[in-house]
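Below is one structure, written out as structure tokens, with a few remarks after it.
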Amino acid sequence: MKKINSKILICFSALVTIFAILLLGRFLFSELMNKDAYSRKDSVTPESTLIYGRVADVISLDPPNQWDGTSSSVINNIYENLVQFKEGTADIEPWLAESWEISKDMLEYTFKLRKNIYFHDKTQFNADSVVFNIERQLNRSHSYRLGSCECFESNFSMLESIKKIDDYTVCFKLKKPYTPFIELLAMAPMAIVSPAAVKNQKENFYKNPCGTGPFVFKTWIPNDSVVIERNDNYWNTPAKLKKIIFKTVPDNKLRLMQLYSGLINVMDGISPEDVDAINRNPEVKLLTEPGLNIGYIAMNMEKPPFNKREVRLAINHAINKKAIINFYYQQASIMAVNPMPPNILGYNNEIKDYDYDVAKATEYLKLAGLENGFTTKLFVLPITTMAFPEPEKVANAVIANLKDIGIKVEKYSCDWVEYQKKVANGEHEMVMYVWSADIPDPDNFLYLLLDKDNTVKGQAQNVSFYTNEILHYTLMKAQSSLNRDERQLLYKKAQELIHEDVPWIPMTHANQMLAHRKNVKNIKLSPVTFECYKNVEITSDVN
């Protein structure tokens with residue numbers, strides 16, 4: 001065989017290298033032009049535009065008819081609530097309402113509203129606006145309900161009515177006392193929308209939002225981006241940014257490379273394996289703090305064999321959670337024992353987790369009459385989240401563990417919107433799911449995710465379809481109690497009941513993480529799902 005001439009080989013190698021560089025250059029040029037196109041529109045300078053790279057697209061921009069973090073983060077900048085969480089905290093402050101009074105029996109909440117506030121469509125905010133917003137959720141036959149209002153259905157069973165006292169005063173009347181009622185009103189689904197815009201847009205309102213917030217909606221290109229611009233007529237201090245582009249970039253590595261290159265300014269969905277590299281990058285800053293969340297695997301107790309407690313115990317003992325978390329989370333989360341995080345009122349430290357014990361798991365299967373195992377299906381989360389940053393890898397590890405005791409698991413996944421619909425309808429056998437608190441209260445975990453009230457097909461939040469009358473009684477009593485110590489004891493009791501009945505495999509409580517270019521200032525993590533960027537700015541300071 002003849003040897004290839006070394007000069008020819010060198011030239012060929014050089015051509016290949018040049019071609020690769022040209023391809024990379026074309027890609028980067030295309031991305032930069034894409035970013036520049038956003039920047040040039042309406043003569044906006046790059047320094048006034050924030051590009052936020054996110055894992056998933058929004059589902060709906062109609063507050064009552066969404067309940068996901070990606071939608072809420074946009075909603076919190078377009079709309080506002082009667083009350084809101086102070087930036088970066090779980091403390092409540094008055095907002096569209098300037099004050100409120102609570103009756104002695106805690107059944108009536110009267111709010112005084114701010115005056116001279118206008119929606120983006122120039123219609124006025126007043127008591128009629130608030131009544132419209134609440135009644136479209138409270139009244140299931142309301143002409144402008146426009147959806148299932150899942151958050152309202154799951155959280156506001158205690159609300160009897162709302163009425164207008166005068167043009168700037170409204171009164172909520174409850175059926176029974178509910179201690180964290182004020183906090184519920186700060187949730188993204190309770191944001192106040194323009195009644196005129198809803199009536200005008202009808203079923204298209206979800207993609208043409210109109211609120212009173214510091215940013216005005218401009219465009220939504222599905223699976224690509226949502227663009228909002230500063231509200232120059234804002235009633236409070238105007239936002240510092242001219243424009244925010246929420247860019248959908250599902251791939252973790254691509255999103256991170258875009259952050260490094262400056263194509264985006266901020267990113268979520270941080271993979272634990274990237275934390276060290278991000279911390280070493282001199283142009284990027286990582287924000288992290290304990291989150292109010294839970295990542296879990298729910299077993300549908302309406303579907304055999306998960307109606308058998310022995311099966312649910314077997315699965316809990318068969319999964320080596322400690323090894324999975326140590327390997328895939330790399331100190332970015334802690335192992336979950338209870339269905340709520342330890343930084344919440346009433347957390348029960350006395351409960352011990354189910355130990356990893358294959359022999360014990362096998363014995364429980366025998367007690368269930370399933371010594372030869374069985375076949376089931378696991379719904380695998382289709383998006384990256386704080387609690388499941390590597391859902392496919394975690395699913396594979398769980399499947400391998402269950403195989404050791406004779407349980408054969410098939411994986412299933414689909415588009416995130418469809419995934420949530422199927423799970424809420426109870427179509428799963430086992431499902432990977434996540435929850436981040438709307439309010440810093442145990443009720444937002446235990447009642448919402450595990451009470452019998454929230455097992456209604458089509459809008460279920462209790463996706464294990466677990467029911468326990470004693471648990472329900474305990475949670476109802478805790479909701480109404482005005483005594484903090486009593487509430488704490490009741491929620492500890494609730495966790496004991498849940499632990500005994502084993503509806504879940506609690507997996508993790510993840511740290512919140514957000515990465516941004518160092519010239520992005522005043523961006524903060526919120527312990528609850530409230531993210532407003534009116535105080536964020538992009539400067540020349542990279543320290």
Side-chain angles (χ1 to χ4, degrees), residues 20-41 44-58 69-71 73-74 77 215 218-229 241-288 332 382-386 388-392 416 512-525 531 533 536-543:
I21 291 170
L22 286 171
L23 279 178
L24 178 61
R26 181 175 179 178
F27 169 75
L28 290 174
F29 177 75
S30 174
E31 290 291 306
L32 287 166
M33 288 300 291
N34 192 30
K35 181 181 180 183
D36 191 49
Y38 284 124
S39 302
R40 288 197 313 265
K41 189 176 180 181
V44 177
T45 62
E47 289 74 23
S48 65
T49 299
L50 181 83
I51 303 180
Y52 190 138
R54 305 188 305 163
V55 171
D57 194 12
V58 301
T70 52
S71 298
S73 62
V74 179
N77 289 278
F215 291 91
K218 298 305 290 184
T219 60
W220 173 14
I221 302 173
N223 299 313
D224 181 79
S225 61
V226 175
V227 180
I228 59 177
E229 292 186 353
L241 293 166
K242 172 66 176 176
K243 181 183 291 187
I244 302 177
I245 301 167
F246 295 94
K247 186 75 175 170
T248 303
V249 187
D251 184 86
N252 281 4
K253 295 299 182 185
L254 177 59
R255 200 165 59 255
L256 184 58
M257 294 313 298
Q258 289 185 354
L259 181 70
Y260 286 166
S261 66
L263 294 176
I264 61 176
N265 309 102
V266 183
M267 70 168 280
D268 61 15
I270 310 295
S271 175
E273 66 183 19
D274 295 324
V275 168
D276 287 343
I278 292 171
N279 283 328
R280 288 196 301 269
N281 190 307
E283 297 180 343
V284 173
K285 183 175 182 179
L286 179 69
L287 303 180
T288 181
I383 61 169
T384 298
T385 66
M386 293 183 293
F388 285 116
E390 300 279 359
E392 187 75 20
W416 177 226
Q512 293 188 89
M513 291 192 289
L514 191 76
H516 63 84
R517 305 282 301 177
K518 284 189 174 178
N519 64 336
V520 177
K521 306 298 181 183
N522 303 326
I523 192 164
K524 297 179 181 179
L525 290 171
E531 301 165 346
Y533 303 119
V536 173
E537 59 183 327
I538 301 175
T539 71
S540 57
D541 180 10
V542 295
N543 295 316

Exercise for the section: Mind listing the closest non-hydrogen atom pair of Met513 and Val275 along with its distance? Expected result: SD-CG2, 3.8 Å
Problem - Donor-acceptor contact below 3.5 Å, side chain Arg517 vs main chain Val284 - result: no
Problem - Pairwise distance OH(Tyr52) to CD1(Ile244) - rounded to 0.5 angstrom - result: 10.0 Å
Problem - Spatial distance of atom CE (Met267) from atom NZ (Lys247) [nearest 0.5 Å] - result: 15.0 Å
Problem - Sidechain-backbone polar pair: Lys285 side chain, Pro282 backbone, donor-acceptor under 3.5 Å - result: no
Handout entry: Reported OG-to-NZ distance for the pair Ser271 and Lys253, which is rounded to 0.5 angstrom
Key = 5.5 Å
Problem - Spacing of Leu259 atom CG and His516 atom NE2 [to the nearest 0.5 Å] - result: 9.5 Å
Fill in the blank from the handout: side chain to side chain contact (heavy atoms under 4.5 Å, CB included) test vs Ile51 passes for just one of Val266, Ile264, Leu263, namely Ile264
Exercise for the section: Examine distances only and state if a side-chain atom of Arg54 and a backbone atom of Gly269 form a donor-acceptor pair shorter than 3.5 Å. Expected result: no
Handout entry: 4.5 Å side-chain heavy-atom contact, Val227 and Phe246
Key = no
Handout entry: Distance-only polar pair, side chains of Gln512 and Thr288, donor-acceptor under 3.5 Å
Key = no
Exercise for the section: Using only heavy-atom distances, determine whether the side chains of Tyr533 and Glu531 contain a donor-acceptor pair under 3.5 Å. Expected result: yes
Problem - Minimum-distance pair of heavy atoms, taken over all atoms of Leu514 and Ile270 - result: N-CG1, 4.3 Å
Handout entry: Any side-chain donor near an acceptor of the partner, Asp57 and Trp220, under 3.5 Å
Key = yes
Handout entry: Close side-chain approach of Leu241 and Thr49, heavy atoms under 4.5 Å
Key = no
Fill in the blank from the handout: When rounded to the nearest 0.5 Å, the distance separating OG of Ser261 from CD of Glu283 is 10.0 Å
Practice task
To the nearest 0.5 Å, tell me how far Asp268 CG sits from Leu287 CG.
Solution key: 12.0 Å
Practice task
Using atom types as modelled and distance alone, determine if a side-chain donor or acceptor of Asn77 lies under 3.5 Å from a backbone N or O of Ser73.
Solution key: yes
Handout entry: Val74 vs Phe215, side-chain contact (heavy atoms from CB on, under 4.5 Å): CA-CA, chis, key distance, verdict
Key = CA-CA 9 Å; Val74 179; Phe215 291 91; over 6 Å; no
Completion exercise
Closest heavy-atom pair, Ser225 versus Ile245, reported as atoms and distance to 0.1 Å, is CB-CG2, 4.1 Å
Practice task
Take Lys243 and Glu229 through the test salt bridge (Lys or Arg N to Asp or Glu O under 4.0 Å) and record every step on the way to the result.
Solution key: CA-CA 4 Å; Lys243 181 183 291 187; Glu229 292 186 353; 3.6 Å; yes
Problem - Any Ile228 side-chain heavy atom under 4.5 Å of Thr219 side chain - result: no
